[in-house]
Asker: 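I have a structure I would like to understand better, so I am pasting it below and will then ask my questions one at a time.
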Amino acid sequence: MAGGGFTDAGPLKRAHLYEYKFTWYFFNACIVAALGGSLFGYDLGVSGGVTSMDDFLKVFFPKVYRRKQLHIKETDYCKYDDQILTLFTSSLYFAGLLSTFFASHLTRKRGRRASILVGSVSFFLGGLINAVAINIPMLIIGRIFLGIGIGFGNQAVPLYLSEIAPAKIRGQVNQLFQLTTCLGILIANFINYGTEQIHPWGWRLSLGLAMLPASVMFIGGLFLPETPNSLVEQEKLEEARRVLEKIRGTTNVEAEFSDLVDASNAARAVKHPFRNLLRRKNRPQLIIGALGIPAFQQLTGNNSILFYAPVILQSLGFGSAASLYSSAFTSGALVIAALISMFLVDKFGRRKFFLEAGCEMFFCMIAVAITLKLNFGQDKELSRGVSVFLVFAIWLFVLAYGRSWGPLGWLVPSELFPLETRSAGQSIVVCVNMFFTAVIAQCFLAAMCHLQYGIFILFAALIFLMTCFIYFLLPETKQVPIEEVYLLWENHPFWKTIVREEGEPPIKEKPADVKLDV
């Protein structure tokens, strides 16, 4: 899922001196900012439901509607195979991909709050245009505005949450974005379930309600404080200190404020962060954090299920209302999984969540593929028992993804990049994630039509590959200070010979009091 954030982790020279108290000011800022996740989640949930509604198909995709009516109860892999229909979904993510370049500049120069406001306005316009659309070009234009809004939101909101959070609870606060994304998906599915019964304009209501969270986020964003990190970056030191004192609930912030200033000065001294990312010592971060994990996050197949859950279930012979209800049930697993990850990942570690969930996801995909092979075909109708089993298998798959590749696909890269390449790494992660999200969204229905049950075997094979990738290449980063993560590569069985630059002696020191689980 194209969601997540990047933790701020400066030198932390005086981390043991940091103080904070709970304040409602901090709490309200977290809730308002985290609404950015609900924008992303709402669109993830609503688009697949709308594309399965008969009233929507009659207006914009009559050929798909007629094909669907020929096999209204029977199974048919190709009911929804239409490239313009999938462009309705994927155009948003292509727009989000391009907008991240502009969002990165605005976030750095004008602050995180500015990007949040721009994102909410763009998302509002996209929802409005889609709600009143009368032809396909209007739909696509609306989706582009939605994509721009998500591009700005995904760039700024996770960063905002990470920067205002106290260091000791940064992981939990950072995952609020994932939680609100999951809640947005769940709410959108229930809205689709209700609007599907409102003829003939229920789909307009589903799309138009995107304006509601965008409005709340914009109004709340007007009152959001800028992050101390951003204010220091803009050289507004006095204002930065005032905001830091307010969100920490104490005036004793000298240690943390000094570290913010030091981190900003160090980051400002780096002239070519992208070029620096290509150095041998940063090769693991480039391969694992910037390229591997964000690409694999989409290649799990989970977002395909989220995009097209109602479409998939109708293709498998479910009725329209039943498919929407089942997809809402499945998306509920994401909310449960987000809570599990939020409270337990710091206890059990990243690798264990990745590896355990990877095995579960692999077997779920194999089970779905075998079931479809044995029970699914042209003009067949699935039995009730088989249908329940398929929904349950998909539910388990989503539950596994939602506590592993979903949140950790963003959290782990944020822990890997050193300070001097963090901004460059963030841009690459967002772009890679958006690119693969768009490609999967555009190609999935056609792939399901041609590969049939084999599409789930393909996802199973990719999940096996990415689980091996994690097992052999990713060390455990739990409780490792970020300024010491580079030592993990120096002592890793595979990376230790790669990260050592020419003429540099090996580093034998390990992070203090941290067990290297590789």
Asker: Quick one: pull up CG in L92 and CG in N130 and give me the separation to the nearest 0.5 Å.
Answerer: 9.0 Å
Asker: Give me the atom names and distance for the closest heavy-atom approach of F124 to A214.
Answerer: N-CB, 3.8 Å
Asker: Could you give me the CA-CA distance, side-chain angles and deciding distance for F469 and I288, then say whether side chain to side chain contact (heavy atoms under 4.5 Å, CB included) is met?
Answerer: CA-CA 9 Å; F469 178 85; I288 298 176; 4.0 Å; yes
Asker: Does the S52 side chain pair with the main chain of G49, one donor and one acceptor, at a distance under 3.5 Å?
Answerer: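 Yes, the answer is positive, given that a donor and an acceptor are paired below the 3.5 Å cut-off.
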Asker: Taking the side chain as every heavy atom from C-beta outward, state whether V412 and L416 have any atom pair closer than 4.5 Å.
Answerer: yes
Asker: Indicate yes or no for a side-chain donor-acceptor contact from E226 to the backbone of R113 under 3.5 Å, with no hydrogens or angles considered.
Answerer: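 Here the side-chain-to-backbone pair exists.
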Asker: Start with the C-alpha distance between T51 and F88, add both sets of side-chain angles, then the distance that settles side chain to side chain contact (heavy atoms under 4.5 Å, CB included), and finish with yes or no.
Answerer: CA-CA 9 Å; T51 53; F88 169 75; 3.5 Å; yes
Asker: Ion pair present between R248 and E256, side-chain N to carboxylate O less than 4.0 angstrom?
Answerer: yes
Asker: Assess the residue pair C364 and I394 against the criterion (side chain to side chain contact (heavy atoms under 4.5 Å, CB included)); give the C-alpha distance rounded to whole Å, side-chain angles, the decisive distance to 0.1 Å, and a yes or no.
Answerer: CA-CA 7 Å; C364 286; I394 293 174; over 6 Å; no
Asker: From L372 CG over to L390 CG, what is the distance, rounded to the nearest 0.5 angstrom?
Answerer: 5.5 Å
Asker: Take atom CZ in F392; do more than 12 heavy atoms of anything else shown fall under 6.0 Å from it?
Answerer: no
Asker: Do L224 and Y160 have side chains that approach each other closer than 4.5 Å (heavy atoms only, starting at C-beta)?
Answerer: yes
Asker: Do NZ/NE/NH1/NH2 and the carboxylate oxygens of E356 and R403 come within less than 4.0 Å?
Answerer: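 So E356 pairs with R403 through a salt bridge.
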Asker: Any sub-3.5 Å donor-acceptor pair from E163's side-chain atoms to P228's backbone N or O?
Answerer: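 Looks like no, no N/O pair under 3.5 Å.
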Asker: Is the side chain of R351 donor-acceptor paired with the backbone N or O of L474 at a distance under 3.5 Å, no angle test?
Answerer: yes
Asker: Hey, could you give me the SG/CD1 distance between C182 and I187, rounded to the nearest 0.5 Å?
Answerer: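 Here the rounded value is 11.5 Å.
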Asker: Whether the side chain of T227 engages the backbone of S230 through a donor-acceptor N/O pair (distance < 3.5 Å, no angle test) should be reported.
Answerer: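 At least one qualifying donor-acceptor pair exists.
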Asker: Tell me the closest heavy-atom pair linking S99 and G96, and the distance in Å.
Answerer: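 Scanning both residues completely, I find the closest heavy atoms to be OG-O, 3.0 Å.
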Asker: Could you tell me if S206 and T195 have a donor-acceptor pair between their side chains, going purely by distance under 3.5 Å?
Answerer: yes
Asker: Going by heavy atoms in the side chains, are N302 and M361 under 4.5 Å from each other?
Answerer: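 They are not in contact (no side-chain heavy atoms under 4.5 Å apart), so the answer is no.
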Asker: Are there over 12 heavy-atom neighbours, none belonging to F296, within less than 6.0 Å of that residue's CZ?
Answerer: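 Count over threshold, so yes.
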Asker: Given R110 and E233, is the salt bridge (Lys or Arg N to Asp or Glu O under 4.0 Å) satisfied, shown in steps?
Answerer: CA-CA 10 Å; R110 299 296 181 183; E233 195 172 24; over 6 Å; no
Asker: Quick one: do S38 and T180 satisfy side-chain hydrogen bond (donor to acceptor under 3.5 Å, both in side chains)? Show the steps, please.
Answerer: CA-CA 5 Å; S38 68; T180 55; 5.8 Å; no
Asker: With no hydrogens and no angle check, is any side-chain donor or acceptor of N28 less than 3.5 Å from a backbone partner on W24?
Answerer: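 It does hold such a pair.
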Asker: Can a donor-acceptor pair be found, under 3.5 Å and without considering hydrogens, that links the side chain of S120 to the backbone of M217?
Answerer: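 No, the answer is negative, given that no donor and acceptor are paired below the 3.5 Å cut-off.
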Asker: Does a sphere of radius 6.0 Å around OH in Y25 hold more than 12 heavy atoms from other residues, nucleotides or ligands, not counting ones at 6.0 Å or beyond?
Answerer: yes
Asker: Do any N or O atoms from the side chain of R112 and from the backbone of L161 form a donor-acceptor pair under 3.5 angstrom?
Answerer: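 No, the answer is negative, given that no donor and acceptor are paired below the 3.5 Å cut-off.
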Asker: Do the non-hydrogen side-chain atoms of M138 and I141 ever get within less than 4.5 Å of each other?
Answerer: no
Asker: Quick one: CD1 on I219 to CG on L117, what's the gap to the nearest 0.5 Å?
Answerer: 11.0 Å
Asker: Can you say whether the rings of F56 and F61 are parallel (under 30°), tilted (30 to 60°) or perpendicular (over 60°)?
Answerer: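 Taking F61 first and then F56, their aromatic rings sit tilted (interplane angle of 30° to 60°).
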Asker: Over 60° means perpendicular and under 30° means parallel, so tell me whether F60 and W203 are parallel, tilted or perpendicular.
Answerer: perpendicular
Asker: When you measure from the side chain of Q175 to the backbone of P407, do you find a donor-acceptor pair of N or O atoms at a distance under 3.5 Å?
Answerer: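 Not a single qualifying donor-acceptor pair exists.
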Asker: Kindly give the heavy-atom pair with the smallest separation between F152 and G119, and that separation in Å.
Answerer: CB-CA, 3.8 Å
Asker: Do I136 and I84 come close enough that some side-chain heavy atom pair is under 4.5 Å?
Answerer: yes
Asker: I need the F353 CZ to K347 NZ distance, nearest 0.5 Å.
Answerer: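 Nearest 0.5 Å value for the CZ-NZ distance: 10.0 Å.
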Asker: Using the side chain to side chain contact (heavy atoms under 4.5 Å, CB included) rule, take T467 and F362 through it: C-alpha gap first, then chi angles, then the decisive distance, then the call.
Answerer: CA-CA 9 Å; T467 302; F362 173 81; over 6 Å; no
Asker: Keeping Q197 on the side-chain end and Y193 on the backbone end, is there a donor-acceptor pair under 3.5 Å?
Answerer: yes
Asker: Any side-chain heavy-atom pair from F397 and I463 closer than 4.5 angstrom?
Answerer: yes
Asker: Indicate yes or no: at least one non-hydrogen side-chain atom of I293 is less than 4.5 angstrom from one of W405.
Answerer: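 I293 vs W405: side chains touch.
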Asker: Run the side chain to side chain donor-acceptor pair (under 3.5 Å) test against R143 and tell me which residues pass, sequence neighbours left out.
Answerer: D43
Asker: Please report the interatomic distance CE(M365) to CD1(I457), rounded to the nearest 0.5 Å.
Answerer: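 Separation between the atoms: 11.0 Å.
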Asker: Count the heavy atoms belonging to other residues, nucleotides or ligands that lie under 6.0 Å from CZ of F363, then report whether that count exceeds 12.
Answerer: no
